[in-house]
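Naming: A, B, ... by sequence-line order, numbering from 1 per chain.
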Amino acid sequence: MSKQGVTPQSEDFSKWYNEIVYKADLAAQTEVRGCIIIKPYGYEIWEGIKSGLDRRFKATGHQNAYFPLFIPESYLKREAEHVEGFSPELAIVTIAGGKELEERLVVRPTSETVIGKAFSEWIQSYRDLPLLINQWANVVRWELRTRPFLRTTEFLWQEGHTAHATEAEAEAETLQMLDVYADMAMNDAAVPVIKGQKSNIERFAGALRTYTIEAMMRDKKALQSGTSHNLGQNFAKAFEIRYLDPANEQQYCWTTSWGLSTRMVGAVVMTHGDDTGLRLPPKLAPIQVAIVPIYKNDDEKAAVHDTVQRIAKELTAADIRITIDWRDQSPGFKFNDWEMRGVPIRMEIGPKDVEKNNAVLARRDIPGKEGKQFVPQAGIVNAVKTLLAHIQQNLFQQAEDFRDGNIHDVKNYDEFKQVIEAGNWARGWWAASDADERRVKEETGATLRCLPFDQPGGTGQCFLTGATAPRVALFAKAY
RNA sequence: CGGGGCGUAGCGAAGUUGGCAUCGCGCCGCGUUUGGGACGCGGAGAUCAUCGGUUCAAAUCCGGUCGCCCCGACCA
């Protein structure tokens with residue numbers, strides 16, 4: 001595979017993204033439209049996201065389970081808004097075992113319906129609540145336009161599903177899980193996100209309220225990176241999810257669902273990547289340190305060998321993920337290769353370093369000489385750990401500064417159009433109707449990303465209608 | 001799903017009026033190299049997306065199908 005450079009982001013961001021995905025070996029294309037192979041290096045990033053989330057799910061009392069891929073078509077039809085939202089993108093099995101099926105089976109686009117059915121059987125009494133379940137699964141949505149990780153026909157995700165006795169509890173759960181997503185995004189993926197509520201138009205099909213974390217990519221487009229829904233009693237009523245309360249009265253449960261997908265891998269790529277390739281946050285990087293031994297001949301190679309092995313062992317013992325690059329290539333080639341793959345730290349160990357008991361550490365987040373430093377071999381584990389933490393922090397800071405510098409407050413529709421036209425995000429007081437929101441989308445291409453939790457307070461004048469508005473909204477062009 | 005572009009070796013491309021399938025990178029072997037993308041010599045690798053048609057002869061001309069990319073409408 002050619003490693004010789006990549007199209008600059010400024011020239012063609014889409015092209016840059018595609019090239020990076022394939023050149024950094026994250027994914028491969030397949031014969032089936034919109035379906036990608038997630039290659040080991042890409043899958044390891046997903047595994048990092050996954051384990052970070054799974055740990056947090058367990059810590060908040062959730063258990064994993066697995067529900068079937070196939071859903072009887074009739075289930076989907078029980079919740080009117082839900083089926084309407086999803087029917088255009090369903091894949092449906094009509095023939096199986098060589099026979100036409102009596103009831104068609106939908107390949108799950110999400111599992112509210114099957115899980116709702118199960119919950120209705122599992123829940124009898126208020127003592128069974130809350131019921132806190134998560135599943136790791138693949139889902140299928142027949143998308144018209146696909147992009148690796150960002151929107152694929154089949155994708156991997158987790159979907160949490162919970163049932164509660166009261167609306168307040170369900171709401172608390174919905175918000176808690178949004179916090180879990182934001183925490184993982186910011187602390188593990190170093191992706192700064194804005195928490196907020198979706199508008200009616202952008203709300204999940206069948207939900208009462210939908211909350212979202214929104215991230216800004218380096219082309220300044222918004223990426224919805226995780227969503228959490230308070231489903232109210234809609235699914236409880238459709239699937240008879242009821243419990244007997246302490247007063248011996250039947251009550252409908254309040255349910256929630258929340259999901260985060262392999263799209264997050266795309267978010268990591270597009271939040272941190274630069275013109276030399278990927279830049280991975282240390283916490284998610286499959287390889288945190290790439291050790292490149294430097295030698296001119298076999299004698300030097302032998303001389304360097306022991307030092308490299310010893311340091312590698314120390315790093316591994318400290319749970320630092322490393323690789324040693326003994327490939328028969330020039331050092332320059334290797335430097336570029338690991339930069340393309342986004343490895344946070346490159347360590348060079350050559351004859352001079354062996355002699356002086358040094359090693360060279362080069363940071364991926366600071367290009368060239370600036371990011372290089374000599375460190376003594378004694379205490380190298382701590383030096384690496386500290387540097388990894390700094391890189392994690394710096395990637396987040398860079399992304400946050402970039403994002404904040406590209407969000408602009410607008411007072412009227414003209415300002416709004418200018419900001420959107422320039423590709424930026426617009427924030428303004430908002431009190432307009434659903435119809436107005438659709439019109440804005442039609443006229444400018446920007447969608448209401450969310451009503452941020454973080455509000456200025458008080459009231460202001462709606463930038464579109466001039467009416468008194470209780471809160472600001474965030475608009476942007478989105479993926 | 002509309003409009004536009006494109007499918008030739010693993011990747012990127014050339015292929016004129018139809019006539020031996022080319023080039024660069026990568027891959028394999030040998031030798032020289034190696035602290036920012038090394039070089040020489042020798043090799044392997046292609047039903048030219050696919051199906052059909054025209055023709056003595058098709059990568060090339062005609063038609064269908066599939067897939068990919070870009071721009072729009074729909075979506076985690």
Side-chain angles (χ1 to χ4, degrees), chain A residues 1-7 12-15 17-19 22-23 28-36 85-90 109-110 138-159 181 198 201-202 204-205 210 212-215 222-229 257-267 276-277 292-298 300-301 304 325-340 346-354 358-360 362 367-369 371-372 374 438 441-442 445 447 477-479:
Chain A
M1 185 185 298
S2 172
K3 301 286 184 343
Q4 233 35 8
V6 62
T7 302
D12 187 338
F13 195 84
S14 293
K15 208 168 170 188
Y17 179 76
N18 277 318
E19 286 179 11
Y22 300 119
K23 286 193 176 184
Q29 291 180 339
T30 68
E31 302 287 307
V32 184
R33 89 176 286 140
C35 294
I36 58 167
F86 279 107
S87 56
E89 49 190 67
L90 295 179
T110 179
N138 57 338
V139 289
V140 168
R141 298 180 187 177
W142 218 257
E143 299 292 348
L144 297 172
R145 196 171 163 187
T146 62
R147 309 195 61 194
F149 295 111
L150 301 178
R151 184 172 302 105
T152 47
T153 301
E154 178 188 8
F155 58 93
L156 305 182
W157 76 344
Q158 57 66 220
E159 46 179 321
Y181 287 158
K198 283 290 186 189
I201 289 175
E202 304 282 333
F204 176 73
T210 288
T212 177
I213 51 171
E214 297 284 326
L223 187 72
Q224 178 177 309
S225 307
T227 47
S228 187
H229 317 289
S257 70
W258 23 279
L260 187 145
S261 73
T262 35
R263 167 179 275 191
M264 192 72 206
V265 176
T276 35
V292 180
I294 309 289
Y295 46 85
K296 285 189 170 58
N297 50 49
D298 284 352
E300 285 190 1
K301 187 174 178 180
V304 159
D325 192 349
W326 290 113
R327 283 179 299 176
D328 194 12
Q329 298 277 6
S330 71
F333 174 91
K334 294 176 184 177
F335 296 172
N336 285 284
D337 193 39
W338 293 117
E339 279 163 15
M340 172 66 78
R346 178 182 74 246
M347 183 184 293
E348 299 169 31
I349 300 173
K352 289 177 199 164
D353 302 305
V354 172
N358 275 339
V360 175
K369 251 187 178 169
K372 269 191 172 189
F374 290 93
R438 285 198 193 90
K441 182 180 177 181
E442 224 165 89
T447 49
K477 289 185 181 170
Y479 276 99

Asker: Using atom P of each nucleotide, how far apart are G52(B) and A13(B) to the nearest Å?
Answerer: 29 Å
Asker: Step by step, work out the side-chain contact (heavy atoms from CB on, under 4.5 Å) result for Leu90(A) and Trp142(A).
Answerer: CA-CA 6 Å; Leu90(A) 295 179; Trp142(A) 218 257; over 6 Å; no
Asker: Within the pair Arg327(A) and U34(B), is there a side-chain N or O less than 4.0 Å away from OP1 or OP2?
Answerer: no
Asker: Roughly how far apart, to the nearest Å, are U55(B) and C62(B) at atom C1'?
Answerer: 12 Å
Asker: Applying a 3.5 Å limit to both distances, which nucleotide forms a Watson-Crick or G-U wobble pair with A58(B)?
Answerer: none
Asker: Any donor-acceptor pair, under 3.5 Å, between the side chain of Asp337(A) and the base of G37(B), if you only look at N and O atoms?
Answerer: no
Asker: So does Leu260(A) get a backbone contact from the side chain of Gln158(A), meaning a donor-acceptor N/O pair under 3.5 Å?
Answerer: yes
Asker: Toward the 5' end of RNA chain B, which comes first, Gly34(A) or Gly226(A), by nearest nucleotide?
Answerer: Gly34(A)
Asker: With P as the reference atom in both, quote the distance from A9(B) to U50(B) in angstrom, rounded to an integer.
Answerer: 10 Å
Asker: Rounded off to whole Å, could you give me the CE-to-C1' distance for the Met340(A) and G26(B) pair?
Answerer: 14 Å
Asker: If I pick the P atom on C68(B) and the same atom on G12(B), what distance separates them, to the nearest angstrom?
Answerer: 15 Å
Asker: Would you mind classifying the nucleic acid contact of Lys301(A) as base, sugar-phosphate or nothing, using non-hydrogen atoms under 4.0 angstrom?
Answerer: nothing
Asker: Measure up the Trp258(A) and Tyr181(A) rings against each other and bin them: parallel (under 30°), tilted (30 to 60°), perpendicular (over 60°).
Answerer: perpendicular
Asker: When all nucleic acid strands are considered with a 4.0 Å heavy-atom cut-off, which category describes Ser261(A): base, sugar-phosphate, or nothing?
Answerer: base
Asker: Do you see a donor-acceptor pair shorter than 3.5 Å between the side chains of Glu339(A) and Thr276(A)?
Answerer: no
Asker: Is Asp353(A) reaching over with its side chain to a backbone N or O of Gly350(A), donor-acceptor style, under 3.5 angstrom?
Answerer: yes
Asker: Starting the side chain at C-beta, find the nucleotide from C70(B), G35(B), A38(B) nearest to Glu348(A).
Answerer: G35(B)
Asker: Only pairs with both distances under 3.5 Å count, Watson-Crick or wobble alike; so what is the partner of G35(B) in this structure?
Answerer: none
Asker: Any chance you could measure Thr146(A), atom OG1, to Gln29(A), atom CD, to the nearest 0.5 Å?
Answerer: 9.0 Å
Asker: Using a distance-only criterion (donor-acceptor N/O pair, under 3.5 Å, no hydrogens), is the base of G35(B) paired with the side chain of Glu300(A)?
Answerer: no
Asker: Taking atom P in both A46(B) and G36(B), what distance in whole Å separates the two?
Answerer: 39 Å
Asker: Looking at the side chain of Glu89(A), which of A73(B), C75(B), C70(B) is the nearest nucleotide?
Answerer: C75(B)
Asker: Does the structure show a Watson-Crick or G-U wobble partner for U47(B), both distances under 3.5 Å? Name it, or say none.
Answerer: none
Asker: Identify, between Thr153(A) and Ile294(A), the residue whose nearest nucleotide on RNA chain B lies closer to the 5' end.
Answerer: Ile294(A)
Asker: If I take atom CG in residue Asp325(A) and atom P in nucleotide G35(B), what distance separates them, rounded to the nearest angstrom?
Answerer: 13 Å
Asker: Taking atom types as they are modelled, is there a donor-acceptor pair under 3.5 Å from the base of G35(B) to the side chain of Arg346(A)?
Answerer: no
Asker: Just to be sure I understand the rule, does Gly350(A) reach a base, reach only the sugar-phosphate, or reach nothing, if contact means heavy atoms closer than 4.0 Å?
Answerer: base
Asker: Between Tyr295(A) (OH) and U34(B) (P), how many Å, whole number?
Answerer: 12 Å
Asker: I need the NZ-P distance between Lys369(A) and G36(B), as an integer number of Å.
Answerer: 10 Å
Asker: Take the protein atom CG of Leu144(A) and the nucleotide atom C1' of A73(B), then report the distance between them rounded to whole Å.
Answerer: 9 Å
Asker: OP1 or OP2 of G35(B) less than 4.0 angstrom from a side-chain nitrogen or oxygen of Lys372(A), does that happen here?
Answerer: no
Asker: Could you give the distance separating G31(B) and U22(B) at their P atoms, to the nearest angstrom?
Answerer: 31 Å
Asker: Can you tell me the base-pairing partner of C66(B)? Count Watson-Crick or G-U wobble geometry only, both distances below 3.5 Å, and say none if there is no partner.
Answerer: G7(B)
Asker: Just checking Gln29(A): base, sugar-phosphate only, or nothing, at a heavy-atom cut-off of under 4.0 Å?
Answerer: sugar-phosphate
Asker: Contact class for Pro88(A) vs. all strands (heavy atom < 4.0 Å): base, sugar-phosphate, or nothing?
Answerer: nothing
Asker: Of the listed nucleotides (G37(B), U33(B), G35(B)), which one gets closest to any side-chain atom of Asp328(A)?
Answerer: U33(B)
Asker: How is Gly266(A) classified with respect to the nucleic acid when contacts are heavy atoms under 4.0 Å: base, sugar-phosphate, or nothing?
Answerer: nothing
Asker: Could you check which of U34(B), A76(B), C71(B) has an atom nearest any side-chain atom of Thr152(A)?
Answerer: A76(B)
Asker: With heavy atoms under 4.0 Å as the rule, sort Phe204(A) into base, sugar-phosphate or nothing.
Answerer: nothing
Asker: Can you tell me how far P of C75(B) sits from CZ of Arg151(A), to the nearest Å?
Answerer: 10 Å
Asker: Does U16(B) have a Watson-Crick or wobble partner in any strand here, with both distances under 3.5 angstrom, and which is it?
Answerer: none
Asker: Within the structure shown, what part of the strands sits under 4.0 Å from Leu223(A) by heavy-atom distance: base, sugar-phosphate, or nothing?
Answerer: nothing
Asker: Identify whether a stacking contact exists between Phe155(A) and A76(B), where the ring centres must be under 5.5 Å apart and the planes under 30° apart.
Answerer: yes
Asker: Could you tell me whether Arg141(A) contacts a base, only the sugar-phosphate backbone, or nothing, with contacts defined as non-hydrogen atoms closer than 4.0 Å?
Answerer: base
Asker: How would you label the contact of Gln158(A) with the nucleic acid (heavy atoms, under 4.0 Å): base, sugar-phosphate, or nothing?
Answerer: nothing
Asker: Taking A58(B) as the reference, what is the distance to A21(B) when you measure between their P atoms (whole Å, please)?
Answerer: 11 Å
Asker: Indicate, with a heavy-atom threshold strictly under 4.0 Å, whether Glu143(A) touches base, sugar-phosphate, or nothing.
Answerer: base
Asker: By the 4.0 Å heavy-atom rule, please label Lys352(A) as base, sugar-phosphate, or nothing.
Answerer: base
Asker: Please determine, for the side chain of Asn18(A), which listed nucleotide (A73(B), C69(B), G36(B)) has the closest atom?
Answerer: C69(B)
Asker: When the P atoms of G19(B) and G35(B) are considered, how many whole Å apart are they?
Answerer: 47 Å
Asker: Mind checking who G2(B) pairs with, Watson-Crick or G-U wobble, both distances under 3.5 Å?
Answerer: C71(B)
Asker: Could you please name the partner base of G29(B), counting Watson-Crick and G-U wobble pairs only when both distances are under 3.5 Å?
Answerer: C41(B)
Asker: Please classify the nucleic acid contact of Val360(A) as base, sugar-phosphate, or nothing, using heavy-atom distances under 4.0 Å.
Answerer: base
Asker: Please report the distance, rounded to the nearest Å, between CG in Asp12(A) and C1' in C70(B).
Answerer: 8 Å
Asker: What I want to find out is whether Lys198(A) reaches Glu214(A) closely enough, with some N-O distance under 4.0 Å, to be called a salt bridge.
Answerer: yes
Asker: From C-beta outward on Ser14(A), which listed nucleotide comes closest to its side chain: A38(B), C70(B), G36(B)?
Answerer: C70(B)
Asker: Any idea which of A38(B), G35(B), G72(B) is nearest the Arg145(A) side chain?
Answerer: G72(B)
Asker: Specify the separation, in whole Å, of atom OH of Tyr17(A) and atom P of C69(B).
Answerer: 12 Å
Asker: Side chains of Gln329(A) and Asp337(A), heavy atoms from C-beta outward: is any pair under 4.5 Å?
Answerer: no
Asker: Is the number of heavy atoms from other residues, nucleotides or ligands within 6.0 Å of CG (Asp298(A)) greater than 12?
Answerer: no
Asker: Mark yes or no: Arg263(A) above the aromatic ring of Phe155(A), with NZ or CZ under 6.0 Å from the six-membered ring centre and no more than 45 degrees from the axis.
Answerer: no
